[in-house]
Amino acid sequence: MAIHKSLFASLLICLLFQISHGATKERLFSDLEKGALEVTAKPSREGVLDAGIDKLSITWKLSSTATKEAEFTTIKVKLCYAPVSQVDRPWRKTENELFKDKSCPHKIITRAYDKSPQSFEYTLERDIPTGTYFVRAYAVDAKDHEVAFGQSTNEAKSTNLFSVQAISGRHKSLDIASVCFSVFSVLALLVFFVNEKRKAKIEQSK
Amino acid sequence: MAPNHSNENGSIGSSLHGVTAREQIFSFSVEDGPSSQAIRSDDPTAKFALPVDSEHRAKVFKPLSFAKPHMRAFHLGWISFFTCFISTFAAAPLVPVIRDNLDLTKTDIGNAGVASVSGAIFSRLAMGAVCDLLGARYGTAFSLMLSAPAVFSMSFVADAGSYLAVRFMIGFCLATFVSCQYWTSVMFTGKIIGLVNGCAGGWGDMGGGVTQLLMPMVFHVIKLTGATPFTAWRFAFFIPGFLQIIMGILVLTLGQDLPDGNLSTLQKSGQVSKDKFSKVFWFAVKNYRTWILFVLYGFSMGVELTINNVISGYFYDRFNLTLHTAGIVAASFGMANFFARPFGGYASDVAARLFGMRGRLWTLWILQTVGALFCIWLGRASSLPIAILAMMLFSVGTQAACGALFGVAPFVSRRSLGLISGLTGAGGNFGSGVTQLLFFSSSRFSTAEGLSLMGVMAVVCTIPVAFIHFPQWGSMFLRPSQHEERSKEEHYYGGEWTEEEKSLGLHEGSIKFAENSRSERGRKAVLADIPTPETGSPAHV
């Protein structure tokens with residue numbers, strides 16, 4: 001019975017996924033208009049930036065070569081991995097199908113499209129992993145489909161990259177609690193062991 | 001003194017031969033009849049809550065009871081093992097967060113996965129010896145309470161190297177598998193051991209599924225209190241750590257090593273003789289069946305352990321599920337253990353009732369091969385519903401095979417029971433390490449290809465079960481030996497003791513076991529075993 005229930009439940013879940021994904025399946029990155037926006041991302045200081053502390057100064061404006069401007073409703077700005085941070089990490093892979101693409105997972109800001117040049121001061125979030133990045137801005141239409149984009153680096157993704165160092169996530173209080181519980185565990189075991197050996201010896205000498 | 005006299009006069013149980021044969025024909029839940037109590041009026045079996053055999057092992061399995069000592073040992077054993085599974089695979093559902101915190105590559109993650117199951121290869125071997133020498137309670141408690149510090153030390157991890165080291169050390173606690181199976185094997189009789197070991201092993205293995213749900217949930221709750229993801233996952237590890245300490249204390253205070261008492265007390269009072277480790281080790285290693293089971297378990301349990309490490313990430317990455325949903329799917333793999341492994345043990349017991357040990361061996365081969373075929377299918381499935389279906393069928397087949405294997409293992413040796421459980425268990429981890437290393441640690445194969453190749457390797461490595469042969473019971477393709485001496489169980493189990501040891505009476509436990517194991521001859525042989533007076537006039541019946 002349990003297997004029937006779990007099979008049925010899983011089939012239901014899967015059907016739901018199929019329905020939700022159906023509409024976005026065929027949209028490709030290569031269909032988007034390249035360089036429609038001019039994007040710059042300037043780090044607040046030289047060297048490797050610290051997540052949670054350092055900032056990026058991001059600007060974007062319409063490029064003179066853009067053609068699909070009439071469709072732009074929203075601009076979605078994202079932090080993307082440079083190729084060097086994708087090596088041996090298939091969960092950050094660049095895919096042509098937009099819904100499968102995993103190279104730009106970190107959202108910076110979403111704003112309604114404005115003809116005038118825009119800017120934003122972005123503080124690197126504390127859950128940004130260590131890596132090398134660039135910034136990309138997608139222009140999205142009213143149906144929430146991407147139509148064009150612009151990025152702070154060149155097409156080969158080799159210029160204007162910046163590096164981020166993640167927070168460690170460690171805390172002194174956590175470390176101390178960890179040591180305390182570990183010591184307790186070993187001590188408790190030793191106490192039981194020694195106690196029982198002693199009791200058995202007493203029994204034998206009786 | 002000729003050695004085969006021990007089979008005839010004076011050895012415990014031989015005077016009850018007629019009664020014993022009759023007991024085996026009827027349902028295994030019939031109580032130990034009044035005849036044995038008439039012979040031994042000071043029969044200590046009267047004090048047990050469950051009916052027991054001549055070794056005081058329970059003949060009935062009542063999962064809802066907590067009666068001392070049998071059922072209590074069962075519950076403490078499987079829950080301890082369950083807790084260790086939670087700890088060992090606690091990292092797997094959190095890998096998408098951990099890999100960002102520690103900047104891990106696929107190779108790092110794969111290697112840590114290999115490390116997480118490798119530690120147990122050695123600890124499972126050691127545990128077999130520890131159980132034989134110190135008893136199952138201390139085996140379990142050592143495992144739980146000495147590896148709890150490793151679980152807590154996840155809060156210190158800062159890079160791939162330390163992550164791998166900590167997962168390696170946590171993995172040592174999987175030795176509780178051996179202590180759990182050893183504990184049930186000394187508490188329950190041979191006829192139901194398949195089912196009991198299947199339940200204990202299966203419900204313990206469920207921990208690998210529960211952790212895929214538990215850890216993301218704990219992580220989420222900790223994040224709600226305001227912690228960043230990179231701190232929250234470290235704190236989440238405190239939960240498995242606490243569970244281990246609590247279980248360790250419960251085992252030591254509520255458990256009992258043997259039906260008659262604790263090992264240290266029994267040894268000091270002379271009721272249980274201390275065996276020499278070198279002998280125990282030698283007889284385990286010398287027996288070729290041990291090594292076949294080692295390989296077999298490597299591709300049933302080994303495959304299961306590997307899946308526990310990779311399946312959540314597989315569904316997360318390939319089918320674009322959220323962490324939470326991938327955890328649910330991965331959990332259903334592990335949770336199938338609840339009924340799949342006991343089912344395998346039960347199927348093994350039923351096959352034994354009908355066809356004896358040969359039935360057990362065939363059951364094992366069929367279940368494991370079918371499971372592996374579904375694993376091949378899982379790797380090739382490109383749509384989510386088919387992948388989930390293939391995964392569920394694969395989980396049932398493989399986990400039932402694990403249960404069926406431990407229906408066979410207790411009969412391979414009596415003297416070295418603990419060490420053989422240990423070696424077989426180690427084989428499971430070894431197989432997992434090998435499959436993770438070959439198929440999931442590099443970018444050579446995609447995870448999907450790795451799954452299919454692992455299934456193929458499992459099919460091939462299940463074939464050796466055809467070579468397991470017991471002279472007294474036969475094998476998959478050969479009948480039992482017709483030889484006068486070799487066809488007796490006493491000869492097989494007595495063969496583990498030297499003449500000198502036999503003359504000292506050290507082998508009596510094995511002889512008792514041999515008699516109780518006559519049920520492995522199956523239905524036909526048991527009927528033939530009835531002494532001739534039964535076929536005579538009905539008045540004698």
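Numbered from 1 within each chain, the chains take letters A, B, ... in sequence-line order. We use all heavy atoms of the structure for the numbers below, so side chains are in, but hydrogens, waters and symmetry mates are not.
Atom CZ of B/Arg318 has more than 12 heavy atoms from other residues, nucleotides or ligands within 6.0 Å. Within 6.0 Å of the CZ atom in A/Arg45, the count of heavy atoms belonging to other residues, nucleotides or ligands exceeds 12.
In this structure, chain A has no heavy atom under 4.5 Å from any part of B/Phe237. Residue B/Phe235 touches chain A through both its backbone and its side chain, counting heavy-atom pairs closer than 4.5 Å. Proximity to chain B (any heavy atom under 4.5 Å) is shown, for A/Phe193, by both the backbone and the side chain. With a threshold of 4.5 angstrom between heavy atoms, B/Ile109 approaches chain A through side-chain atoms but not through N, CA, C or O. Contact of A/Lys102 with chain B is made through the side chain alone, with heavy-atom distances under 4.5 Å. Interface residue B/Val157: only backbone heavy atoms are found under 4.5 Å from chain A. For A/Thr130, the parts lying near chain B are the backbone and the side chain together; criterion is any non-hydrogen pair under 4.5 Å. Residue contact with chain B, scored on non-hydrogen atoms closer than 4.5 Å, is absent for A/Ala51. The part of B/Tyr138 that comes within reach of chain A is its side chain, from C-beta onward, which places non-hydrogen atoms under 4.5 angstrom from that chain.
On the SG-SG cut-off of under 2.5 Å, A/Cys104 and A/Cys80 qualify.
Residues from residues 147-165 of chain A never place a non-hydrogen atom less than 4.5 Å from a non-hydrogen atom of chain B.
Applying the salt bridge (charged side-chain N to carboxylate O under 4.0 Å, His left out) rule to A/Lys61 yields the partners A/Glu38; only residues at least two apart in sequence or on another chain are considered.
The minimum heavy-atom distance linking B/Ser383 with B/Phe319 is given by the pair C-CE2, 3.7 Å.
Relative orientation of the B/Phe152 and A/Phe181 rings is parallel, given thresholds of 30° and 60° on the angle between their planes. Taking the six-membered ring for Trp and thresholds of 30 and 60 degrees, B/Phe394 and B/Phe333 have ring planes inclined between 30 and 60 degrees apart.
A/Lys76 has a carboxylate O that lies under 4.0 Å from a charged side-chain N of A/Asp144, or vice versa, which qualifies the two as a salt bridge.
Atom OG of B/Ser332 is separated from atom CD1 of B/Ile311 by 9.5 Å, given to the nearest 0.5 angstrom.
Counting heavy-atom pairs closer than 4.5 Å to chain A, the top residue among B/Phe338, B/Tyr316, B/Phe242 is B/Phe242.
Here the side chain of B/Thr253 pairs a donor or acceptor atom with the backbone of B/Leu250 at under 3.5 angstrom.
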